[in-house]
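What follows is a single structure, written as structure tokens, with notes after it.
What you see is a predicted model, and the numbers here were worked out from it, not measured in a lab. Numbers restart at 1 for each chain; the letters A, B, ... are given by sequence-line order, proteins then strands.
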Amino acid sequence: MTETAVVAAPLPSEEWRRTSPMSFVVSAIMSLSKGGLPALAAIVGSGAWGMGLLVLVPTLAALLAFSSFFSFIAWRHFRYHVGDSDIRVERGLFSRTARSVPYERIQDVSLEQAFIPRLFGMVDVKFETGAGGKDEVRIRYVTAEEAEALRETVRARKSGEAVVAGDAEATPVAEPARTLFAMDFKRLLTFGVFEFSLVVFALLAGAAQQFDFLMPFDIYNPEEWIRLFAGPGHRLLELGVGAQVVGVALALITLALLGLLTGMIRTVLRDYGFRLEETPKGLRRRRGLLTKTDVVMPVHRVQALKVTTGILRRRWGWHGLGVVSLSQDAKSGKHVVVPFGQMDEIAPVIGVTGFELPPANAAWQRSSPKHKVDQALLGVIPLSLAAAASLAIGNLADAPGPWRLWVAAGFAAAAILVLLRENFLWRHDRTALDARHIFAQHGWLAPKLDIASRVKLQSIEISQGPLARRRGYANLTFGVAGGTFAIAGVPLGEARAIRRAVLDSITGVDFSRLGEIEG
Amino acid sequence: MDGEELTPLHPNYVKVVRLNTMVFALPFVIAAIVLEFAGFLPRGAFLLPMLLVALWLIIRVPLRRYHARGYQMGDDRLRVVRGLIFNSDTIVPFGRVQHIDVHQGPIERAYGLGTLVLHTAGNHNHSVALPGLGHADAMAMREEIRAHVKRETM
């Protein structure tokens, strides 16, 4: 990215403009260098190189003509307009798209010069808005003066409203900071225990697959393994059942130890020296042993919170806290701010982000019982059929009795698990609204609590599949910048009531605070 | 606002969907004709069912889709309803619109229609499309929404 030092006057409005005529030449060369080089490689690879320039020159010329033609058409049908309240871009020959970007929504204008455009003095102008899709608005290519003028115009038209600092993930901050959460080594190790992971076996299996030719024996042959474990002369096999039980126990213990060790190492590497601070610029998080990271998340950009836990750790009250934030760069919008803590440590952090935990008297609403019945049936019916089928097929194929019984029992057990799960979900999945937030608790073994700010929601969708429509429930999905927030199986009337309430807070928001809210 | 009547789309939308479906169905019908003349199966075994399905998709389905769709332009929000089997009902407050597109495909242009697309900052529904508007109506809606964005931020 190059900044030109040209000071340009703001552009006159009320006039459609084209990009520089040179830009289609530049685009043609750019597309040629993208598509043409592989073509060149193909020519060389296919041996046509041997035929020499006779083939090469016409091929290249044809490619250049081809891409110039399309670039020319694209250039001819691209125009932009710098108006009083927005920038408009129109493009397309057969399909036309007319885009309007209000100045209020432009957060930054970036000027970019790649190598080839630079040779021609051309600049790629990008208008950054907060749009969720990666569908940005760009004008390619204009001269450096024009680019600078565009940027000045946008800044001038925007002036008067607060310009939010563009960089969400700035690095060093040297302001006074208050520590909100930190983990000592003991806590880190406890965390590591709960991060038990057998991923190392997946890695080993992957490695074994890659390098099986290096192994001293054929790893896909079970007899080789038996020979290996039993030792010469089947010594282990001769030791009897007792020894075999000890062997299995030893193997399981080894497995558990390896899993523990993996979890500990990964956790220490990732979260060593974890420290979350409140700084004037926002929440600052530092962590890492070998790769240290330092992230600053402006508080006004936090859109939603997620309180998470794990199957086992919740028995001891351990939870985690993640924030969903609007980040301008392409990095993930979700950040862990408390990886492993008790709720009384998490609550103050939630307070700093401007959110609240659900109040004690929150009016919790359960999801539709019909939704849970339907979900249970969707799981139980196929599983029961599978159980019956495995019994029947076992009979037909004359398979040994215990085998088909075990398979059928497996399917039946899965069906019972599905029933238990849906029953639990019906009793525990719930949603509540308070004046500023919407809360949703969901999940079976490791329930999560999602907290979203009502005014920061971007859109609201009520969707129904064929079953849902018949049975009168719906899914409620909110648009959150940088994340997701959805509630499944809400009774239709209630979904509409929630939508109405949330819309009232969105559209009734004090407009003077919008700059701060939308960041 | 849930109870209020939806505004139906432009009647030409049915024709546009039919033409789009025809373009989509054409390769399948050609394939069926080829298979018919290859003579693997008794006469009509490929062509007849294929033609029936194609006719149903071209004549019946677009009409039902048209009736399932609709919108409601409020003072400060746009509601878009769509979907025959999987139904969705989306509301975008104008205050959350980042930028606005009016798109016209070649078939839409022939019938004077346009698609209004609202882009929001949310990951879900980052662009909400409302097809089947008269092109002039779509442009007018764009102006209205844009004016609202400006008013609100001032």
Side-chain angles (χ1 to χ4, degrees), chain A residues 85-87 90 92-106 127 129-135 137 160-161 303 324 326 333 456-466 468-469 474-475 477-486 496 499-500 503 506-507 509 511 514-515 518, chain B residues 1-3 74-110 114-128 135 138-139 142-143 145-154:
Chain A
S85 61
D86 61 353
I87 286 200
E90 290 188 8
L93 171 61
F94 295 115
S95 306
R96 289 195 64 79
T97 302
R99 175 163 293 181
S100 155
V101 195
Y103 289 122
E104 293 79 16
R105 292 292 187 260
I106 299 177
F127 300 94
T129 68
K134 289 295 149 234
D135 199 11
V137 188
E161 59 166 307
Q303 309 285 321
V324 175
L326 179 65
K456 290 182 183 176
L457 297 173
Q458 308 287 329
S459 64
I460 309 171
E461 177 181 321
I462 293 178
S463 55
Q464 290 179 301
R469 209 140 28 121
N475 291 338
T477 316
F478 299 98
V480 179
T484 52
F485 194 102
R496 290 200 168 131
R499 180 167 77 172
R500 210 172 304 125
L503 271 169
I506 294 178
T507 50
V509 66
F511 296 144
L514 256 176
E518 302 231 320
Chain B
M1 84 184 266
D2 295 306
D75 292 336
D76 51 10
R77 64 193 74 171
L78 176 69
R79 177 173 173 214
V80 178
V81 176
R82 64 188 159 80
L84 254 179
I85 301 171
F86 291 90
N87 183 274
S88 85
D89 179 344
T90 309
I91 294 183
V92 183
F94 295 158
R96 299 295 177 272
V97 172
Q98 295 289 334
H99 53 262
I100 314 160
D101 284 352
V102 174
H103 182 83
Q104 267 193 313
I107 298 176
E108 281 178 305
R109 271 175 89 179
T115 301
L116 181 74
V117 187
L118 302 186
H119 296 262
T120 75
N123 284 20
H124 181 80
N125 270 334
H126 55 77
S127 56
V128 177
H135 188 245
M139 292 306 246
R142 178 177 88 169
E143 292 311 306
I145 295 170
R146 206 212 61 224
H148 194 283
V149 170
K150 186 167 177 61
R151 253 200 330 276
E152 181 164 303
T153 328
M154 281 197 306

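- The closest side-chain donor-acceptor pair between B/Thr90 and B/Arg79, if any, does not fall under 3.5 angstrom.
- When each of A/Thr484, A/Thr477, A/Ile87 is scored by its heavy-atom pairs under 4.5 Å with chain B, the top score falls to A/Thr477.
- Contact of A/Leu457 with chain B is made through the backbone alone, with heavy-atom distances under 4.5 Å.
- When heavy atoms are compared at a cutoff of 4.5 Å, A/Phe127 does not approach chain B at all.
- The only option from B/His103, B/Glu108, B/Gln104 that meets the side-chain hydrogen bond (donor to acceptor under 3.5 Å, both in side chains) definition with B/Thr115 turns out to be B/Glu108.
- Chain A forms more heavy-atom pairs under 4.5 Å with one residue of B/Ile107, B/Val117, B/Ile85 than with any other, namely B/Ile85.
- The part of A/Arg469 that comes within reach of chain B is its side chain, from C-beta onward, which places non-hydrogen atoms under 4.5 angstrom from that chain.
- When every heavy atom of A/Ala474 is checked against every heavy atom of A/Ile462, the shortest pair comes out as CB-CG2, 3.6 Å.
- Contact check for B/Asp89 versus A/Arg499: side-chain heavy atoms found under the 4.5 Å cut-off.
- When each of A/Gly92, A/Pro466, A/Gly465, A/Ala486 is scored by its heavy-atom pairs under 4.5 Å with chain B, the top score falls to A/Pro466.
- Between chain B and the residues A/Ser459, A/Pro102, A/Ala98, A/Ser85, the most heavy-atom pairs under 4.5 angstrom are made by A/Ala98.
- Between the side chains of A/Asn475 and A/Ser463, not a single donor N or O lies within less than 3.5 Å of an accepting N or O.
- The side chain to side chain contact (heavy atoms under 4.5 Å, CB included) test with B/Asp76 is passed by exactly one of A/Leu503, A/Ile506, A/Thr507: A/Thr507.
- Side-chain contact between B/Val102 and A/Thr97 is absent, with no heavy atoms from C-beta onward closer than 4.5 Å.
- Looking at A/Val101, the atoms closer than 4.5 Å to chain B (heavy atoms on both sides) sit in the backbone and in the side chain alike.
- Only the backbone of B/Leu84 comes within less than 4.5 Å of a heavy atom of chain A; no side-chain atom from C-beta onward does.
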